[in-house]
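A, B, ... follow the sequence lines: proteins, then strands. Residue 1 opens every chain.
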2 protein chains.
Amino acid sequence: MKKRAKLKDIADALNISIATVSRALNDKYDINASTKKEVLRVAEELNYRPNPIAVSLRKNSYNVIGVVLPSIDHYFFSTVLKGVMNKAHKSNYLVIVGESNHDPDKEKSILEQFLNHGVTGVIISPTMGKPAEHFSKFRNKRIPLVLVDRPLVDDVDSFVRYDDPNGAFLAVEHLIDQGYKSIACIKGNDNCVISNARYSGYAKALGQNNLTENPKHVKTCINLDSKKDGYLLGKQLLLAKDKPDAIFTVTDEVAAGVYAAAKELKVDIPGELGLVGYSNSKVSIHLSPQLSTVEQPGVEMGEEAFDFLQQIMLGSTEILKKTFDARLIVRGSSTRHATINNMTIV
Amino acid sequence: MKKRAKLKDIADALNISIATVSRALNDKYDINASTKKEVLRVAEELNYRPNPIAVSLRKNSYNVIGVVLPSIDHYFFSTVLKGVMNKAHKSNYLVIVGESNHDPDKEKSILEQFLNHGVTGVIISPTMGKPAEHFSKFRNKRIPLVLVDRPLVDDVDSFVRYDDPNGAFLAVEHLIDQGYKSIACIKGNDNCVISNARYSGYAKALGQNNLTENPKHVKTCINLDSKKDGYLLGKQLLLAKDKPDAIFTVTDEVAAGVYAAAKELKVDIPGELGLVGYSNSKVSIHLSPQLSTVEQPGVEMGEEAFDFLQQIMLGSTEILKKTFDARLIVRGSSTRHATINNMTIV
DNA sequence: AAAATTTACTGAAACGTTTACGGTAATTTT
DNA sequence: AAAATTACCGTAAACGTTTCAGTAAATTTT
């Protein structure tokens with residue numbers, strides 16, 4: 001493998017100084033047209049391209065941010081990334097991406113890799129709700145940091161999040177409005193903050209409407225991206241003797257599983273069973289009837305996150321916070337009454 | 001905004017040389033325990049962290065590759081990225097990502113940004129099938145390059161692709177096996193290489209089975225990610241007087257639209273209409289009956305692409321090529337006969 | 001106690017650039 | 001033709017770090 005050409009190689013080839021070469025390449029003052037031409041020729045010949053590290057060091061500018069997400073092929077996160085990249089590209093920032101796969105250890109190693117590399121800022125959607133020790137370490141170093149979707153509990157980091165509890169609240173109130181009386185919930189693991197937040201909204205909606213929570217109607221789903229798990233739990237709920245007439249699931253994928261269970265058991269949606277999911281993922285419009293769900297504006301959240309990060313990188317010391325308002329998308333899976341405006345897509 | 005501390009600041013504070021400070025921080029030989037302690041104390045005090053740019057320059061190590069994809073929130077591409085990142089992370093490479101949004105100009109600007117930054121290699125899934133001029137420029141600079149999914153026509157770049165024509169061929173042969181006699185196709189724009197490749201497989205399958213292609217049964221869909229477009233074209237096909245009894249669509253999303261059309265027109269799938277899509281996207285298992293489709297192993301393709309890139313970065317001058325074999329996933333949407341092994345998921 | 005070794009440090013070069021500054025030759029002005 | 005200007009180029013410092021080679025003092029060995 002040939003060594004990469006540097007300024008000196010061009011300079012030596014033409015018997016001129018590297019300063020002249022540099023000026024020629026950078027189209028600066030004080031350069032003769034013919035030598036410039038020569039320099040460009042030799043540069044092309046030697047396949048020269050500037051060493052960005054050296055340039056960065058000299059110019060003292062490095063425009064790279066890091067984004068770490070639990071899962072890159074998860075629709076919501078990929079839209080967040082899209083939003084970040086939209087804005088970053090416009091501001092001439094490069095974004096390096098890491099995927100933690102919901103593993104705190106991997107998250108930590110990615111963060112350290114990013115730090116070592118010298119990113120000027122980081123946007124992260126943490127795997128866990130609890131502030132891990134590698135976060136405090138991070139903060140000590142004062143690297144601009146913005147959390148997305150899963151703000152940690154202590155009040156030190158800027159964040160962009162979504163009003164998860166209220167989204168769930170709206171979903172369940174809507175089911176109640178539609179006349180459903182016995183509303184179950186399929187939630188996630190207890191250490192999943194997202195699930196907990198949504199579950200709290202569910203509980204609140206029941207409470208405010210004088211409905212008592214039935215412990216048998218609250219199921220825990222290990223893998224919230226698994227249709228199969230949703231199917232199994234949905235079946236459990238629908239086969240119970242005090243079966244619910246509506247189910248709120250904390251993800252659309254789980255709701256898709258419930259569809260399968262309902263179909264197998266010949267339970268009509270929305271007639272015998274109302275259903276609302278969460279995230280407005282692509283699946284929701286492909287189900288039949290289409291699934292009511294809670295919208296999560298990933299792209300906008302990503303864009304806002306980058307804006308925050310940029311403010312911090314430019315020197316702001318404030319803790320920037322934004323909570324996106326919850327918005328319910330009502331579709332066929334939860335509408336027994338025609339009076340509701342049904343926002344079907346097709 | 002305070003200036004960032006550097007080695008000299010620590011050195012000055014303790015009246016020692018920066019060399020000593022550096023050794024103390026890096027836990028090297030030739031350092032007294034007490035001075036080391038002092039150095040660490042002051043470093044902490046001043047919030048020192050090494051300038052990674054300077055370190056990179058000095059140590060001459062830069063492990064960054066670029067990945068540019070047409071659309072980051074498209075499931076297939078996000079899995080490709082996942083595969084690339086899996087491998088890259090293991091080899092201690094950082095990956096920066098760019099999204100071209102199917103726009104050649106943006107693709108070009110991203111590529112130039114990457115080049116300027118000095119990535120050591122690039123994996124790209126080009127927007128167009130034709131070799132754009134910014135590609136040749138790219139090649140002249142001899143930056144390691146691997147194409148994914150859409151190899152350009154001239155035989156100069158390494159690539160990882162999928163046997164698209166054969167995937168389509170298998171899909172259509174399967175429909176014929178199932179006894180469908182009049183098989184339509186919903187394809188994409190003529191300048192979409194992917195669509196063309198799949199369409200060619202469709203045509204070949206018809207030809208080999210002595211079925212004549214009916215021009216009225218070949219529809220062009222502008223947006224291959226649009227369920228709505230699929231719905232409209234599906235309706236056209238199903239309302240024609242010589243309506244087909246099966247449809248092969250070049251994406252699953254379009255097939256989902258056809259489901260909607262069939263449901264509206266009360267056409268039974270798979271009884272009256274056989275259906276096979278393409279890509280095995282998440283949608284396919286949420287449709288009812290589940291959609292037969294052609295698998296595209298994005299993660300594996302991404303992993304292979306990184307392996308290729310690494311080989312090239314390590315000095316290989318060969319043009320590396322790999323075509324993944326097509327694999328049909330048979331599900332309910334195309335099985336009229338029970339003899340077929342039906343790989344349903346739920 | 002002289003010699004040899006070890007310990008703990010410093011100075012300086014190097015990584016590849018950019019750029020302020022100074023200098024020389026050519027050109028223009030007077 | 002001398003003076004002033006211009007055009008062009010080279011020298012060297014600087015960015016922040018690592019590390020080699022050298023050195024003085026402290027310690028051990030003889």
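Closest heavy-atom contact between A:Phe324 and A:Pro297: CD2-CG, 3.9 Å.
A straight line from CG of B:Leu7 to P of D:dT19 spans 12 Å, rounded to a whole angstrom. In this entry the distance linking CD1 of B:Ile18 with P of C:dG11 reads 10 Å, nearest Å. Separating the CG atom of B:Asp30 from the P atom of D:dG22 is a distance of 15 Å, rounded to the nearest angstrom. In this structure, A:Leu14 atom CG and D:dC9 atom P are separated by 11 Å, rounded to whole Å. Atom NZ of B:Lys59 is separated from atom P of D:dT19 by 6 Å (rounded to the nearest Å). Counting to the nearest Å, the C1' atom of C:dA14 and the CG atom of A:Leu57 are 12 Å from each other. In this structure, CZ of A:Arg49 is placed 13 Å from P of C:dG16, rounded to the nearest angstrom. Computed from coordinates, the A:Asn26 CG to D:dC9 C1' distance equals 16 Å when rounded to whole Å.
The CZ atom of A:Phe114 sits 4.0 Å away from atom CD1 of A:Ile96, with the distance rounded to the nearest 0.5 Å. We find the CD1-OG distance between A:Ile10 and A:Ser17 to be 12.0 Å, quoted to the nearest 0.5 Å. With rounding to the nearest 0.5 angstrom, the CG atom of A:Leu309 is 7.0 Å from the OG1 atom of A:Thr120.
The side chain of B:Asn51 places no N or O atom within less than 4.0 Å of a non-bridging phosphate oxygen (OP1 or OP2) of D:dC15. For B:Tyr48, a side-chain nitrogen or oxygen approaches OP1 or OP2 of D:dT17 to under 4.0 Å. For D:dT18, one of the phosphate oxygens OP1 or OP2 lies less than 4.0 angstrom from a side-chain nitrogen or oxygen of B:Ser22. Note on B:Thr20: every side-chain N or O is 4.0 Å or more away from OP1 and OP2 of C:dC9.
Listed candidates were D:dG16, C:dG11, C:dA20. Nearest to the side chain of B:Arg58 is D:dG16. Nearest to the side chain of A:Ala19, among D:dC20, D:dT11, C:dC9, sits D:dT11.
Remark on DNA chain C: of its neighbouring residues B:Ala54 and B:Thr35, the 5'-side contact belongs to B:Thr35, judged by nearest-heavy-atom nucleotide. Between A:Lys8 and B:Arg23, the one whose closest nucleotide on DNA chain C sits nearer the 5' end is B:Arg23.
Among the heavy atoms of the strands, none lies under 4.0 Å from A:Ser56. B:Ile16 comes within contact range of the sugar-phosphate backbone alone, with a heavy-atom separation under 4.0 Å but no base atom that close.
The pair B:Asp73-A:Lys82 meets the salt-bridge criterion, with a side-chain N (NZ, NE, NH1 or NH2) lying under 4.0 Å from an Asp/Glu carboxylate O.
If you check distances only, the side chain of A:Asn32 never reaches the base of D:dC8 with a donor-acceptor pair under 3.5 Å. In the interface, the side chain of A:Arg4 is not paired with the base of C:dG16 through any donor and acceptor atom under 3.5 Å apart. Taking 3.5 Å as the limit, the base of C:dC15 and the side chain of B:Asn60 contain no donor-acceptor pair of atoms between them.
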Inset, instruction - May I have the step-by-step check of salt bridge (Lys or Arg N to Asp or Glu O under 4.0 Å) for B:Glu44 and B:Arg41, ending in yes or no? - result: CA-CA 5 Å; B:Glu44 177 74 14; B:Arg41 186 180 58 75; over 6 Å; no

